[in-house]
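Step one of this worksheet: look at the structure below.
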Amino acid sequence: MMSAMFLSPSRPFYQSVMPMSLDTIPLDRYWAFAKPQFAKNGNRQISYEVVESVYQRFEGITANVQRIMNMLYMLTPKGETCGKEMIDTTIDTYLQLSSAYYSELLRQMPEKQRNVFLAIAAEGQVKNISGGKFVHKYRLPSASSVVSAVKGLLEKDFITQNDNVYSVYDRFFQLWVEKTLQS
């Protein structure tokens, strides 16, 4: 949405800013930030392995890493050490807290978009979005209906496309879908 606001010729802020690409914050910077933050108030400890695991799991995406690190901090008792075993529990807690929100988002999607969204979430990354293999595997009506649904999902920022690879934009939404479909 933000990109469209500034990069689309049909939008009022078109070319009002200079686009800038920001690289992922390096893992070492997260570590250097997290360790003293944990110790600062309540003498909590966190290992490099925990920070590294969260970082890798969320591909260094700042918002996701920050969200989980913040919850890990809150769930680590004062004077204790945050262990790797807390990561899955923390993610599950976040997904449970977000469940009503994600359920509502799915409910509000038109049926064709919802089916394509769920297929993309199940696949993780889709290269040939309108290919017969993907369409048949997830029993989608037709390649043209998939293309139409994808257009709507992209416009609403439910999915993203990078180098002709489609994936769910919100990694937590994808994790929630994966857990919900397994149940």
Side-chain angles (χ1 to χ4, degrees), residues 1-25 27 53-68 71 87-183:
M1 184 169 76
M2 293 299 291
S3 292
M5 187 176 358
F6 296 106
L7 302 177
S8 174
S10 64
R11 300 294 177 105
F13 295 110
Y14 176 63
Q15 291 188 337
S16 66
V17 298
M18 180 178 283
M20 179 185 224
S21 179
L22 298 175
D23 291 331
T24 304
I25 296 171
L27 171 60
S53 181
V54 172
Y55 182 89
Q56 288 176 351
R57 194 160 190 175
F58 293 100
E59 299 166 355
I61 297 171
T62 299
N64 298 341
V65 173
Q66 178 63 28
R67 189 169 291 135
I68 295 304
M71 287 188 73
I87 297 171
D88 287 336
T89 303
T90 300
I91 292 169
D92 288 344
T93 300
Y94 181 81
L95 296 177
Q96 288 170 3
L97 293 171
S98 304
S99 186
Y101 172 70
Y102 289 139
S103 292
E104 185 61 20
L105 285 178
L106 267 184
R107 192 189 66 72
Q108 290 177 2
M109 285 181 197
E111 184 180 1
K112 287 181 184 176
Q113 287 183 10
R114 180 175 47 249
N115 291 340
V116 171
F117 177 83
L118 292 172
I120 293 169
E123 201 69 18
Q125 294 185 332
V126 182
K127 290 183 181 175
N128 192 0
I129 197 83
S130 60
K133 187 177 179 182
F134 178 73
V135 171
H136 291 283
K137 180 177 181 179
Y138 293 99
R139 298 188 173 119
L140 301 170
S142 67
S144 62
S145 69
V146 169
V147 169
S148 174
V150 164
K151 183 179 178 193
L153 292 167
L154 284 167
E155 287 172 0
K156 296 173 189 169
D157 290 326
F158 284 117
I159 63 171
T160 187
Q161 174 193 12
N162 291 316
D163 297 326
N164 286 327
V165 176
Y166 296 84
S167 59
V168 174
Y169 180 78
D170 179 344
R171 182 73 174 117
F172 291 106
F173 198 178
Q174 176 163 347
L175 290 171
W176 179 83
V177 168
E178 290 170 4
K179 288 196 174 283
T180 302
L181 292 178
Q182 288 177 358
S183 300

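The analysis underlying the following values was restricted to heavy atoms, covering all of them including side chains, and did not include hydrogens, waters or symmetry mates.
Checked against salt bridge (charged side-chain N to carboxylate O under 4.0 Å, His left out), R57 has the following partners two or more places apart in sequence or in another chain: D88. With sequence neighbours excluded, the residues satisfying side-chain hydrogen bond (donor to acceptor under 3.5 Å, both in side chains) with S99 are W176. Looking at residues two or more places apart in sequence or on another chain, you find no side-chain hydrogen bond (donor to acceptor under 3.5 Å, both in side chains) involving N115. Take N164 and apply the side-chain hydrogen bond (donor to acceptor under 3.5 Å, both in side chains) test, not counting sequence neighbours, and it matches Q161.
For the pair Y94 and N64, the minimum side-chain heavy-atom distance is 4.5 Å or more. Between L175 and Y102, every side-chain heavy-atom pair lies at or beyond the 4.5 Å cut-off. The shortest side-chain heavy-atom distance between V177 and V168 does not fall under the 4.5 Å cut-off. Here the side chains of N128 and K133 are not in contact, with every heavy-atom distance at 4.5 Å or above. Side-chain contact between L106 and L118 is present, with at least one heavy-atom pair separated by less than 4.5 Å.
Here the straight-line distance linking atom CG of L95 with atom NZ of K179 works out to 6.5 Å at 0.5 Å rounding. Within the model, atoms CG of L153 and CD1 of I129 stand 8.5 Å from one another, a figure rounded to the nearest 0.5 Å. Separating the CD1 atom in I68 from the OG1 atom in T90 is a distance of 6.5 Å, to the nearest 0.5 Å. Separation of atoms OG1 (T89) and CE (M71) is listed at 10.5 Å; rounding is to 0.5 Å. To the nearest 0.5 Å, atoms CD (E59) and OG1 (T24) are separated by 9.0 Å. Summarising the geometry, atom CD1 belonging to I120 is positioned 5.0 Å from atom CZ belonging to F134; distances are rounded to the nearest 0.5 Å.
Between S167 and Q125 the shortest heavy-atom distance is CB-CG, 4.3 Å. In terms of heavy atoms, S145 sits closest to S142 at OG-O, 2.9 Å. Residues V135 and A143 come closest through the heavy atom pair CG2-CA, 4.1 Å.
A salt bridge (charged side-chain N to carboxylate O under 4.0 Å, His left out) check over residues 136-156, counting only residues at least two apart or in different chains, returns the pairs E123-K137. Sorted by first then second residue, the ring pair (Phe, Tyr, Trp, His ring centres under 6.0 Å) pairs that include residues 146-166, not counting sequence neighbours, number zero.
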Is there a side-chain contact (heavy atoms from CB on, under 4.5 Å) between R67 and F172? Walk through the geometry before answering. CA-CA 10 Å; R67 189 169 291 135; F172 291 106; 3.3 Å; yes

Under the criterion ring-ring contact (aromatic ring centres under 6.0 Å, His included), I'd like the reasoning laid out for F173 against Y101: C-alpha separation, chi angles, the key distance, then a yes or no. CA-CA 10 Å; F173 198 178; Y101 172 70; 7.4 Å; no

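Between E104 and R107 a salt bridge is recorded (basic side-chain N to carboxylate O distance below 4.0 Å).
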